[in-house]
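For reference, the structure discussed in these notes is given below.
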Amino acid sequence: MKLRGRAHKFGDNIDTDIIIPAIYLDTTSEEELAAHCMEGLAADFAQRVKPGDVMVGGLNFGCGSSREHAPVAIKAAGISCVIAASFARIFFRNAINIGLPVMVCPEASQNIQEGEEIEIDLAAGQIKNLTKGTSHQAAAFPPFLQEIISAGGLIEYTKKRTAIP
Amino acid sequence: MPAAQTITQKILAAHCGREFVEPGEFISVQLDLMLANDITAPLALKEFAKIGCERVRFPERVALVPDHFVPAKDVRAAQQAQLLKKFAIEQKIPNYWEIGRGGIEHTLLPEEGLVVSGDCVIGADSHTCTYGALGAFSTGVGSTDFAAALATGECWLQVPESIKFIYRGQLRPWVGGKDLILHTIGEIGVDGALYQAMEFCGEAVSALDIAGRFTMCNMAIEAGGKNGIIAPDEITLAYQKNRAKRSPKVYASDPDAPYARTIEFDCEKIEPQVAFPHLPSNTRPISRVGEVPIDQAVIGSCTNGRIEDLRQAAEILRGRRVHSNVRLIIIPATQEIHLAAVKEGLVQIFLEAGGVFSPPTCGPCLGGHMGILAEGERAIATTNRNFIGRMGHPKSEVYLANPAITAASAVLGRIGSPEEV
Ligand code: SF4
């Protein structure tokens with residue numbers, strides 16, 4: 001599957017309070033969470049995102065709280081994939097668990113700038129910067145995570161394992 | 001004989017029925033306890049319903065703690081807390097606490113003896129790493145992880161490498177667990193222990209009371225750590241003596257256990273620390289803080305809301321007045337601590353000093369309620385995060401410190417040390 005969209009670029013240590021401030025944690029509504037995504041840094045982010053767009057972060061993306069509302073907000077805002085130089089661990093596992101594609105690629109994280117057109121081949125781990133004509137290879141997922149991803153997230157994976165008829 | 005292992009490896013191995021696990025390996029562990037709160041549980045229960053299994057696998061291993069937005073700050077918060085209560089009743093989950101019996105999850109669960117040494121615990125809250133102070137493996141996960149664990153009693157994990165932090169020498173006056181961990185995060189950065197176990201040891205750690213150890217492990221996540229851990233000793237066992245609901249199991253790292261790195265600190269050189277906005281790694285020793293006027297001081301949270309913390313604050317506030325420009329908000333972490341503070345006369349000291357004393361809640365720590373900052377306001381707090389907008393307006397600021405520095409700052413009207421009041 002190929003994903004295509006414009007890049008929204010952010011820096012290092014983007015924390016979960018920036019991604020979705022705690023005052024909005026009184027809901028589980030995806031639309032509401034999406035509407036306030038990244039509000040602290042870019043008040044108009046939710047309006048700017050088009051379905052399929054790509055979020056690019058630096059080091060330690062998603063650090064801070066365990067709130068799954070963060071990847072949920074990003075996904076519901078229309079972001080198709082998050083690329084970062086590295087991810088904070090709870091954000092990373094939450095993204096995998098809810099089926100938000102994430103790619104670890106320091107090179108792409110440096111190279112890609114705001115507004116550039118990006119094409120991603122998830123299965124191959126390939127990130128193409130169509131604006132610059134460059135291409136980057138993301139780190140492969142370990143087989144165990146591949147299984148959760150191909151099951152469509154942890155809930156589907158668990159369903160299979162608990163084999164509830 | 002299996003190869004040498006760290007305490008973290010040993011606990012994880014024991015919870016997947018093995019003698020040895022290797023860093024980097026993916027395993028599925030049997031959980032002794034899993035927890036969620038009024039923010040993370042609602043999302044988890046939505047996901048749990050999708051799995052389609054009707055009953056929680058081990059109701060007695062589940063803890064549901066309404067703590068973030070309680071006493072309910074508004075209707076929506078009330079609705080969320082209500083979901084936990086209904087689910088606890090429906091699924092016969094015994095570990096649910098109404099207001100007046102509970103408190104902040106990470107202080108409450110050890111107090112209730114629901115976490116013991118040697119346990120393997122996950123929580124849908126990042127500061128679940130707190131229980132490492134008891135020599136347990138505990139780590140924060142997300143809501144979907146918690147949902148899956150409700151169904152299976154298990155969780156997937158990657159075995160972490162460990163970093164060994166050795167704290168040598170004696171602590172200086174007014175330096176405690178908070179300062180050691182802030183200093184450490186300042187040295188290694190907010191991703192300095194990404195995906196790794198942070199093992200704390202050395203004579204300064206052995207000399208810390210259990211409260212100081214909880215504070216250190218609580219903030220392991222602030223360096224990106226998967227868990228913080230301190231091997232149990234007499235202090236750990238004494239704390240659990242009349243609390244533990246199961247028998248503690250004591251594990252220790254083998255002398256030749258593998259570490260990704262070892263970092264040593266000379267505690268004689270560590271002053272009380274203050275983390276400047278907007279990262280916990282932005283630390284400075286108190287002597288280099290300069291003139292920073294404050295509008296609010298908050299003493300509480302799962303980091304520093306224990307009775308030992310309140311006693312320290314009271315020592316400074318006794319017979320003094322909070323500066324006229326400052327709001328001082330003191331929040332005990334649990335009902336037990338609240339009661340102890342009343343009995344010991346601490347509450348009177350706080351009130352006479354011109355502070356307010358709140359029932360247990362996370363409250364302002366995450367910008368929920370009970371002390372939200374306006375645009376441009378500045379707070380010093382004993383909490384664990386100073387991210388942009390963490391305590392209110394995106395243009396407000398949070399400075400992190402220990403309870404003594406925070407109390408002294410409330411009196412001074414600017415960030416300062418107990419020696420100055
Ligand atoms: S006190 Fe603060 S850090 Fe601790 S659980 Fe509550 S919100 Fe989280």
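Keep in mind the model is a prediction, meaning the values are calculated, not measured.
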Among [options], who wins on heavy-atom pairs under 4.5 Å with chain A?
{"options": "B:K226, B:K395, B:Q158, B:H393", "result": "B:K226"}
{"options": "B:S143, B:A124, B:P394", "result": "B:S143"}
{"options": "B:V190, B:I221, B:L279", "result": "B:V190"}
{"options": "B:W156, B:F69, B:F387, B:Y195", "result": "B:W156"}
{"options": "B:D145, B:D125, B:T152", "result": "B:D145"}
{"options": "B:T128, B:D74, B:T139", "result": "B:T139"}

Taking non-hydrogen atoms and a cut-off under 4.5 angstrom, which of [range] neighbour chain B?
{"range": "residues 79-109 of chain A", "result": "A:S86, A:F87, A:A88, A:R89, A:I90, A:F92, A:R93, A:N94, A:N97, A:I98"}
{"range": "residues 114-148 of chain A", "result": "A:P142, A:F144, A:L145, A:I148"}
{"range": "residues 20-28 of chain A", "result": "A:A22, A:I23, A:L25, A:D26, A:T27, A:T28"}

Choice from [options] maximising heavy atom contacts with chain B below 4.5 Å:
{"options": "A:C63, A:G40, A:G64", "value": "A:G64"}
{"options": "A:N13, A:L59, A:I155", "value": "A:I155"}
{"options": "A:R67, A:E156, A:H69", "value": "A:H69"}

[atom2] on [Y] to [atom1] on [X], rounded to 0.5 Å:
{"X": "A:S66", "Y": "B:I122", "atom1": "OG", "atom2": "CD1", "result": "10.5 Å"}
{"X": "B:I388", "Y": "A:I18", "atom1": "CD1", "atom2": "CD1", "result": "4.5 Å"}
{"X": "B:M391", "Y": "A:D17", "atom1": "CE", "atom2": "CG", "result": "11.0 Å"}

Are B:E154 and A:R161 close enough, and set up right, to give a salt bridge (Lys or Arg N to Asp or Glu O under 4.0 Å), and what steps lead you there? CA-CA 11 Å; B:E154 295 177 10; A:R161 280 186 60 227; 3.1 Å; yes

Residues from residues 36-44 of chain B approaching chain A under 4.5 Å (heavy atoms):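 Those residues of residues 36-44 of chain B which have a heavy atom under 4.5 Å from chain A are B:I39, B:T40, B:P42, B:L43.
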
Before you tell me yes or no, could you show the steps for A:E68 and B:K46 under salt bridge (Lys or Arg N to Asp or Glu O under 4.0 Å), namely the whole-Å CA-CA distance, both residues' side-chain angles and the distance that decides it to 0.1 Å? CA-CA 12 Å; A:E68 208 163 285; B:K46 219 166 144 182; over 6 Å; no

